[in-house]
Amino acid sequence: MTETQGTQAAPSRRALIGWGGAGLALGAAAAGGAVAMARTGDDMDPAAAETGGAVEFHGAHQAGIATPVQDRLHFAAFDVKTEDRDAFVQMLKDWTDAARRMTAGKAVGEGAYGGLAEAPPDDTGEALGLKPSRLTLTIGFGPSLFDRFGLRDRRPEALVDLPQFPGDNLDRARTGGDLCVQACSDDPQVAVHAIRNLARIGFGKVAIRWSQLGFGKTSSTTPDAQTPRNLMGFKDGTRNIAGTETDRLKKFVWVGEDDGPDWMAGGSYLVARRIRMNIETWDRTSLQEQEDVFGRDKREGAPVGKAKEHDEPFLKAMKPDAHVRLAHPDSNNGITILRRGYSFTDGTDGLGRLDAGLFFLAYQRDVRKGFIPLQRRLSAHDALNEYIQHVGSAVFAVPPGVRDSGDWWGRTLFSKEA
Ligand code: HEM
């Protein structure tokens, strides 16, 4: 089978590198370097977005945070299985090489065929012929990683264990993880291929603890794009930090030089929550109640008393326990997070109910000043709580971006020099 088989209209993944790479290089030159162009989201050539082009892997920040949100998600949390620090560091380097190739639309290593007949191929092969599809791979380090490899004194103060919130019903099998990789792409097969190949490279050093597939992005980091709807049928992501809002990203998302520790400068903190929706109960709820729960109308997404989705909300017009009223920065001393969640449906639960909901992903500069106080308020008062339950949870320190072709994921953490 050839790479282009079955993709007559589309150039192959390998063929795309030619123009994709050239386009990115030109973009980098125009913007004054790969770092400047890469991570704010405004680097994305709209044409590349439409054609499933490649997102630059290198930059000051990791891709997949401020990058315009792709349609699909495969998120994996891993447990470390080795005590050998050198072996783990080598795996991070191997992962980086593979991530660099896969995000550019290339196969891992020597590819899926053509190598030694006696050995398994380097790449599993299911992404051959597919476009890069804006694949981004974002790595994070969980609190438990810092109990290993002599990293205890390198754990960021901001990487706290999340407290138990009222109503939490966490499944241990879907909670925690020593590290994570968030794969986002417009093609689910490209995202799944990426996680699968990283897991394969990590065999013996790490093992997947839990994973989550997501679809129908429930947030937008592209201001002019149409706001997607969540599984409750409401527009979700109306008020969010856009990938183009450099100042707000700096203020609320990226860890600053003075925040400490040094190795996290340019990074961020990720909270992941698997939030199950009681879909069947919601579907029997009146439209008025549904709109009251959010404080926005279902058709337009406009705040109560306003006509348009992007009109400034008048919080006092909403019910005191409305989700938007409680989550709005004005009700929380300005707290602002970048939401990047996806819907999920994982079959049924054995009782005839859909196991569906929102896989909530939020990036912030400090969880203690972001998700935690926000969720304390929501978990105690939100009208939405009647219809949802948090069933999985994890928090990760997301290191800064990989600078160039000689750099690797986690270098600032594992090397002496930052
Ligand atoms: C299944 C659970 C959830 C659903 C269905 C949901 C849905 C929504 C919807 C429909 C909006 C209004 C549109 C928008 O501005 O994006 C919204 C806003 C928001 N939500 Fe949620 N949400 C959920 C959980 C959470 C959680 C756990 C947090 C944070 C701890 C959160 C934080 C926010 C924030 C900050 C806003 C924007 C408020 C504003 O600035 O007006 N949401 N959510």
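Worth knowing before you read on, the calculation uses all heavy atoms, side chains too, and leaves out hydrogens, waters and symmetry mates. All ligand and atom numbering here is 1-based and tracks the order in the structure. The structure displayed is predicted, hence computed values, not measured ones.
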Could you check Asn240, Val69, Leu270 and say which one makes a side chain to side chain contact (heavy atoms under 4.5 Å, CB included) with Arg340?
Val69

Between the side chains of Gln364 and Arg339, is a donor N or O closer than 3.5 angstrom to an acceptor N or O?
no

Near Asn230, which atoms of ligand 1 are under 4.0 Å from a heavy atom of that residue?
5 (C), 7 (C), 10 (C)

Any chance the side chains of Arg239 and His328 put a donor and an acceptor closer than 3.5 Å?
yes

For Gln90 and Asp86, test the side chains for any donor-to-acceptor distance below 3.5 angstrom and give the result as yes or no.
no

Among side-chain atoms of Gln70 and Thr136, is any donor-acceptor pair under 3.5 angstrom?
yes

Looking only at N/O atoms, are Arg339 and ligand 1 under 3.5 Å apart anywhere?
yes

If we only count N/O pairs under 3.5 Å, is His323 in contact with ligand 1?
yes

What are the atoms of ligand 1, with element, lying closer than 4.0 Å to any heavy atom of Val324?
12 (C), 41 (O)

Looking only at distances, please establish whether an N/O atom of ligand 1 is found under 3.5 Å from an N/O atom of Thr238.
yes

Could you verify whether a donor N or O on one side chain and an acceptor N or O on the other, from Asp382 and His323, lie under 3.5 Å apart?
yes

In terms of atom number and element, which parts of ligand 1 are under 4.0 angstrom from non-hydrogen atoms of Leu358?
1 (C), 2 (C), 3 (C), 4 (C), 23 (C)

What are the atoms of ligand 1, with element, lying closer than 4.0 Å to any heavy atom of Phe371?
30 (C)

Hey, does Gly237 come in under 3.5 Å of ligand 1, counting only N/O atoms on both sides?
yes

Under 3.5 Å, is there a donor-acceptor pair linking the side chains of Glu386 and Asn278?
no

Honestly, for Leu384 the part within reach of ligand 1 (heavy atoms, under 4.0 Å) is side chain

Below 4.0 Å, non-hydrogen atoms only: which portion of Ile388 touches ligand 1? Side chain, backbone, both or neither.
side chain

Here the atoms of ligand 1 under 4.0 Å from any heavy atom belonging to Leu378 are 26 (C), 28 (C), 29 (C), 30 (C), 31 (C)

Under 3.5 Å between some N or O of ligand 1 and some N or O of His390?
no

Answer yes when Lys316 and Asp330 have at least one side-chain N-carboxylate O distance shorter than 4.0 Å, and no when they do not.
no

Numbered atoms and elements of ligand 1 in range of Gln375, under 4.0 angstrom, heavy atoms
27 (C), 30 (C)

Could you tell me which atoms of ligand 1, counted from 1 in the order shown, lie closer than 4.0 angstrom to a heavy atom of Pro329?
40 (O)

State whether Arg274 and Asp171 are salt-bridged, where the test is any N-O pair (Lys NZ or Arg NE/NH1/NH2 against Asp/Glu carboxylate O) under 4.0 Å.
no

